[in-house]
Engineer: 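Structure in structure tokens, see below.
The chains referred to below are lettered A, B, ... by the order of the sequence lines, with proteins before strands, and numbering in each begins at 1. Hydrogens, waters and symmetry mates are skipped; everything else that's a heavy atom, side chains included, is used.
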Protein chains: 2
Amino acid sequence: MTTSIEPTAPASASPSRRELNKAATRQAITEAALSLLRSRGPGSFTVEDIADAAGISRRTFFNYFGSTDAALASVTHGFLDNAIQQFRLRPADEPILQSAQAALMALADPMTVAPLAELFSLTQQSSLMSHSELEAWDHCREQITTVARERAAGTPGAADELYLRAFAGSVISCGKAAMEVWFARRGADLSPASLAELRQLLIDAMALLGSGFATVQPPSSSSSDSRSS
Amino acid sequence: MTTSIEPTAPASASPSRRELNKAATRQAITEAALSLLRSRGPGSFTVEDIADAAGISRRTFFNYFGSTDAALASVTHGFLDNAIQQFRLRPADEPILQSAQAALMALADPMTVAPLAELFSLTQQSSLMSHSELEAWDHCREQITTVARERAAGTPGAADELYLRAFAGSVISCGKAAMEVWFARRGADLSPASLAELRQLLIDAMALLGSGFATVQPPSSSSSDSRSS
DNA sequence: CCTGAAACTTGCCCAGGGTGCAAAGTTGCA
DNA sequence: TGCAACTTTGCACCCTGGGCAAGTTTCAGG
């Protein structure tokens, strides 16, 4: 019943009944999936379970998502789409690394990270992310590449394809690294102090990238104060 | 990693019949899979097809690999294991970025890249890598992290976890980027000139990483690179 | 209000992925 | 030679994923 703006919604001025129903169903599915993940843990429930919980048929589930993973990954997708949006908003003449950092900053906000943090905490047991999860991150990487390419088109000393791809991949990797470290330290802690630490980790990660991982250590000692829990 | 009795670790001096058979079967499976990939293209053959081609039962296939993807990804796994081995061989006091570059250099060799290049060319149609493929790269990333961590333990200004993870992820991303660009330019061309280009791309990618992606800045306004803090 | 078209849901069916189990076949060792 | 350990294989079973066609809902006119 909670109406919210979801991806795949065509135009914001399309309150047609059909669109509304679809969005609601989509929402119901991901919430059912999340709920099952919470109660039973990863890999221990089927598409049918989700469909039952969402009040739809198994077949309809597949009209919305290709797998349980995909349903769960919609959380990540939303998060990363948000990141890309932030990235796109940055002024085109800003150094791109700074744009990336700024975009990441906007994500270290309780409402935004909460779903992802929970998903992280519920699935972290399995060493590797699900296929759909990885797909989401890779999609984000491609978006970054695209935005970077658009910027490069406006500058004379245009960066080549290698630059764009290597840059986008590295940004994603550093962002992931920061989130992994944050999560390893704080679990699903969403307190202001914890979020501040996440923010600092993201800044540090971008700084590392910007300094070319110089062996002379950056002032990382400032950020990593509380090492153990 | 025991030294006395090794039931699972096939040491190089283990010409036991069992080990030999297993290795041969494994080989037969990946070759059958590769052959089918060549003749029919990705996604158009089943586990049973592979098993038939390899002269084993469907069930036995699953004793060796969890999926068709996994069978194919063993190629990537071999390639990346090789890379890690090269990386481990580098002197511990060498700058780590240079070690990474050197390790990558050793891979730009016909015999080594050929299988991966073919796999690339045969599966590139589908935008995203298979799950097992990604798993292989991620495993490599973890290995790099581990090696880097071991090195850091011996140096005074020890790098923290963020540094290690961000570094490893970025190296992998840059390596992937270089290979993608190479492949986009040359296809599966393995000529000396093409391999030289791959080598150069790898060098360039590492250089980009080492310089913090500082690019030739736009002429007008400030040419400040993002090297703050 | 009625009616037909378009969109959506659902049940049915089927090919294929993945796994536990136990019987049958191999290999290793005394 | 014969037993113990290991491997292969067929079998049964559940789950994924998608095509198809018959219902059901939404929407636009008459």
Side-chain angles (χ1 to χ4, degrees), chain A residues 3 6 8-11 13-29 32-33 36-37 40-74 126 128 130-133 135, chain B residues 4-11 13-29 32-33 36-37 40-74 126 128 130-133 135:
Chain A
T3 58
E6 279 290 299
T8 68
S14 252
S16 112
R17 195 59 190 270
R18 286 209 168 115
E19 298 297 348
L20 250 47
N21 285 347
K22 288 199 77 166
T25 302
R26 207 182 176 78
Q27 187 82 5
I29 293 175
L36 282 166
L37 185 64
R40 298 203 209 168
S44 54
F45 54 95
T46 72
V47 168
E48 195 152 12
D49 294 329
I50 301 176
D52 282 353
I56 56 168
S57 74
R58 193 183 95 93
R59 192 62 187 77
T60 299
F61 174 94
F62 284 112
N63 287 345
Y64 285 85
F65 298 101
S67 64
T68 59
D69 285 343
L72 259 3
S74 76
S126 48
L128 193 60
S130 77
H131 192 196
S132 306
E133 193 81 5
E135 231 169 44
Chain B
S4 51
I5 301 166
E6 320 227 35
T8 50
S14 242
S16 117
R17 193 58 187 272
R18 286 206 221 267
E19 298 296 348
L20 250 48
N21 285 348
K22 288 199 78 165
T25 302
R26 209 181 175 77
Q27 187 82 3
I29 292 174
L36 282 166
L37 185 65
R40 297 201 209 170
S44 54
F45 54 95
T46 73
V47 169
E48 195 152 15
D49 294 331
I50 301 176
D52 282 352
I56 57 168
S57 75
R58 190 182 102 93
R59 190 62 185 78
T60 299
F61 173 93
F62 285 113
N63 287 346
Y64 285 86
F65 297 101
S67 64
T68 58
D69 284 343
L72 259 5
S74 75
S126 48
L128 193 61
S130 78
H131 193 196
S132 307
E133 193 82 5
E135 231 170 43

Engineer: Just by distance, do the side chain of D49(A) and the backbone of T46(A) share a donor-acceptor pair under 3.5 Å?
Structural biologist: yes

Engineer: Just how far, in rounded Å, is C1' of dA15(C) from CG of D49(B)?
Structural biologist: 12 Å

Engineer: Of all heavy-atom pairs between I29(B) and I50(B), which one has the smallest distance, and what is that distance?
Structural biologist: O-CG2, 3.9 Å

Engineer: What is the separation between atom NZ on K22(A) and atom P on dC8(C), rounded to the nearest whole Å?
Structural biologist: 4 Å

Engineer: I need the minimum non-hydrogen distance between S132(B) and A73(B), along with the two atoms involved.
Structural biologist: CB-CB, 3.6 Å

Engineer: Within the 4.0 Å limit for protein heavy atoms, which parts of nucleotides 25-30 of chain C are touched? Write it as a string from 5' to 3', B for base, S for sugar-phosphate only, - for none.
Structural biologist: -BBS--

Engineer: A side-chain contact here means heavy atoms from C-beta on lying under 4.5 Å apart; do V47(B) and S67(B) qualify?
Structural biologist: no

Engineer: For F65(A) and R26(A), run side chain to side chain contact (heavy atoms under 4.5 Å, CB included): C-alpha distance rounded to whole Å, both residues' side-chain angles, the deciding distance at 0.1 Å, then the answer.
Structural biologist: CA-CA 9 Å; F65(A) 298 101; R26(A) 207 182 176 78; 3.7 Å; yes

Engineer: Just to be sure I understand the geometry, which residues of residues 50-60 of chain A put a non-hydrogen atom under 4.0 Å away from DNA chain D?
Structural biologist: R58(A), R59(A)

Engineer: For the pair made of CG in L72(A) and P in dT16(D), what is the distance, rounded to whole Å?
Structural biologist: 13 Å

Engineer: Starting from C1' on dG16(C), measure out to CZ on F65(B) and report it in whole angstrom.
Structural biologist: 19 Å

Engineer: Distance check needed: dT16(D) P versus N63(A) CG, whole Å only.
Structural biologist: 16 Å

Engineer: Would you check if the side chain of N21(A) reaches a backbone N or O of R18(A) as a donor-acceptor pair within less than 3.5 Å?
Structural biologist: no

Engineer: With side chains defined as the heavy atoms from C-beta onward, is the minimum distance between E48(A) and F61(A) less than 4.5 Å?
Structural biologist: no

Engineer: Give the rounded distance in Å between these two atoms: CD of E48(A) and P of dG11(C).
Structural biologist: 10 Å

Engineer: Might you point out which heavy atoms bring S130(A) and H131(B) nearest each other, and give the distance in Å?
Structural biologist: C-NE2, 4.4 Å

Engineer: When you check the phosphate oxygens OP1 and OP2 of dT7(D), does a side-chain N or O of Y64(B) lie under 4.0 Å from one of them?
Structural biologist: no

Engineer: Of all heavy-atom pairs between G41(A) and S44(A), which one has the smallest distance, and what is that distance?
Structural biologist: O-OG, 2.8 Å

Engineer: Specify the separation, in whole Å, of atom CZ of F62(A) and atom C1' of dC20(D).
Structural biologist: 16 Å

Engineer: Between L20(B) (CG) and dC6(D) (P), how many Å, whole number?
Structural biologist: 18 Å

